[in-house]
J.: 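Below you will find the structure I want to go over with you.
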Amino acid sequence: MTTQFFCPYLDSEVELTEEREQHIAETHPDLLPDYQEKIAETLADPDEVRCDLRFGNTFLFSKQYGKGRKGRYVVVAVVSDTVPRDRNWIVTAYLTKTVTQGEIIWQKN
């Protein structure tokens with residue numbers, strides 16, 4: 001089963017497959033299942049979007065939850081494929097204190 005989230009930045013649906021959801025649950029248990037809505041919110045209304053420098057077709061969407069030292073960012077890594085078909089899919093998602101990876105390509109005003 002695949003879950004779909006709409007992402008206005010990509011103007012497209014983004015897939016979260018069972019296999020990727022299992023990966024996130026196993027490697028980042030602090031995020032799922034309680035924070036699945038945070039994934040949807042991060043894709044729908046990110047604070048910034050970065051391009052991963054190692055993988056040019058991967059976007060890093062981030063949104064801060066909480067302020068100050070208690071604040072955390074939800075980061076959702078989305079791969080945008082064009083071959084063999086147009087497809088946007090979540091490779092991973094995680095919580096972090098700071099977002100340092102990738103080059104900023106868009107920021108909320």
Side-chain angles (χ1 to χ4, degrees):
M1 185 168 151
T2 299
T3 304
Q4 301 277 337
F5 302 99
F6 185 72
C7 177
Y9 180 85
L10 297 172
D11 192 26
S12 175
E13 293 290 327
V14 176
E15 301 173 13
L16 176 60
T17 64
E18 275 189 57
E19 186 270 331
R20 292 286 83 199
E21 189 167 0
Q22 185 67 33
H23 160 80
I24 294 166
E26 289 173 1
T27 58
H28 309 287
D30 52 339
L31 190 61
L32 289 175
D34 298 335
Y35 288 93
Q36 190 172 25
E37 72 267 10
K38 299 291 191 232
I39 291 174
E41 291 171 6
T42 300
L43 290 173
D45 186 28
D47 292 335
E48 68 181 24
V49 180
R50 293 174 179 241
C51 181
D52 189 302
L53 298 176
R54 296 173 298 160
F55 307 101
N57 65 333
T58 301
F59 295 98
L60 304 170
F61 292 84
S62 64
K63 185 171 187 73
Q64 186 176 21
Y65 291 90
K67 296 292 178 202
R69 292 176 46 180
K70 298 212 183 266
R72 296 282 188 272
Y73 293 88
V74 172
V75 177
V76 181
V78 176
V79 175
S80 285
D81 288 330
T82 55
V83 176
R85 63 183 175 91
D86 287 342
R87 178 180 177 226
N88 297 298
W89 54 281
I90 296 169
V91 66
T92 194
Y94 54 91
L95 288 171
T96 185
K97 289 183 181 183
T98 59
V99 182
T100 58
Q101 186 177 343
E103 178 182 335
I104 297 171
I105 56 176
W106 180 89
Q107 279 185 308
K108 186 187 284 186
N109 293 338

J.: Report yes or no: do Trp106 and Val75 belong to one cluster of Ile/Leu/Val/Met/Phe/Trp/Tyr joined by side chain heavy-atom distances under 4.5 Å?
T.: no

J.: Applying a strict under-4.5 Å side-chain criterion to I, L, V, M, F, W and Y, I'd like to know whether Val74 and Leu60 cluster together.
T.: no

J.: Side chains of Val76 and Val14: closer than 4.5 Å at any heavy-atom pair?
T.: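 They are not in side-chain contact.
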
J.: Using a distance-only test with no angle check, is there a side-chain donor-acceptor pair under 3.5 angstrom linking Gln22 and Glu26?
T.: yes

J.: Taking Lys63 for the side chain and Asp45 for the main chain, is one N or O donor matched with an acceptor at less than 3.5 Å?
T.: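 Yes; judged by distance alone, with no hydrogens or angles, the pair exists.
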
J.: When you measure from the side chain of Thr96 to the backbone of Val99, do you find a donor-acceptor pair of N or O atoms at a distance under 3.5 Å?
T.: no

J.: Rounded to the nearest 0.5 Å, what's the gap from CG on Leu53 to OG1 on Thr58? Could you check?
T.: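 OG1 of Thr58 is found 11.0 Å from CG of Leu53.
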
J.: I need the Ile24 CD1 to Glu19 CD distance, nearest 0.5 Å.
T.: 9.5 Å

J.: With hydrophobic residues grouped by side-chain heavy-atom distances under 4.5 Å, do Phe61 and Leu31 end up in a single group?
T.: yes

J.: A side-chain contact here means heavy atoms from C-beta on lying under 4.5 Å apart; do Trp89 and Asp81 qualify?
T.: yes

J.: Taking it one step at a time, do Leu95 and His28 satisfy side-chain contact (heavy atoms from CB on, under 4.5 Å)?
T.: CA-CA 8 Å; Leu95 288 171; His28 309 287; over 6 Å; no

J.: Main chain of Tyr65, side chain of Arg72: is a donor-acceptor contact present, judged purely on distance under 3.5 Å?
T.: no

J.: Would you find more than 12 non-hydrogen atoms of other residues, nucleotides or ligands less than 6.0 Å from Lys108 atom NZ?
T.: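 Atom NZ in Lys108 is packed in, count exceeds 12.
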
J.: With clusters defined by side-chain heavy atoms of hydrophobic residues (ILVMFWY) lying less than 4.5 Å apart, directly or transitively, does Val79 cluster with Ile105?
T.: no

J.: I'd like to check Glu15 versus Arg87 (side-chain heavy atoms, cut-off strictly below 4.5 Å). Are they in contact?
T.: yes

J.: Side-chain contact test, heavy atoms from C-beta onward, threshold under 4.5 Å: evaluate it for Asn88 versus Phe59 and give yes or no.
T.: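 No, their side chains stay 4.5 Å or more apart.
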
J.: Which distance, rounded to the nearest 0.5 Å, do you find between the CZ of Arg20 and the OG1 of Thr2?
T.: 12.5 Å

J.: For the atom pair CD (Glu13) and CG (Leu43), what is the distance rounded to the nearest 0.5 Å?
T.: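 It is 10.0 Å, given to the nearest 0.5 Å.
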
J.: Side chain of Glu103, backbone of Cys51: donor and acceptor closer than 3.5 Å?
T.: no

J.: Cut-off 3.5 Å, no hydrogens considered: what does the side-chain donor-acceptor table look like for residues 3-11, sequence neighbours left out?
T.:
none

J.: So Gln36 and Glu21, do their side chains get closer than 4.5 Å, heavy atoms only?
T.: yes

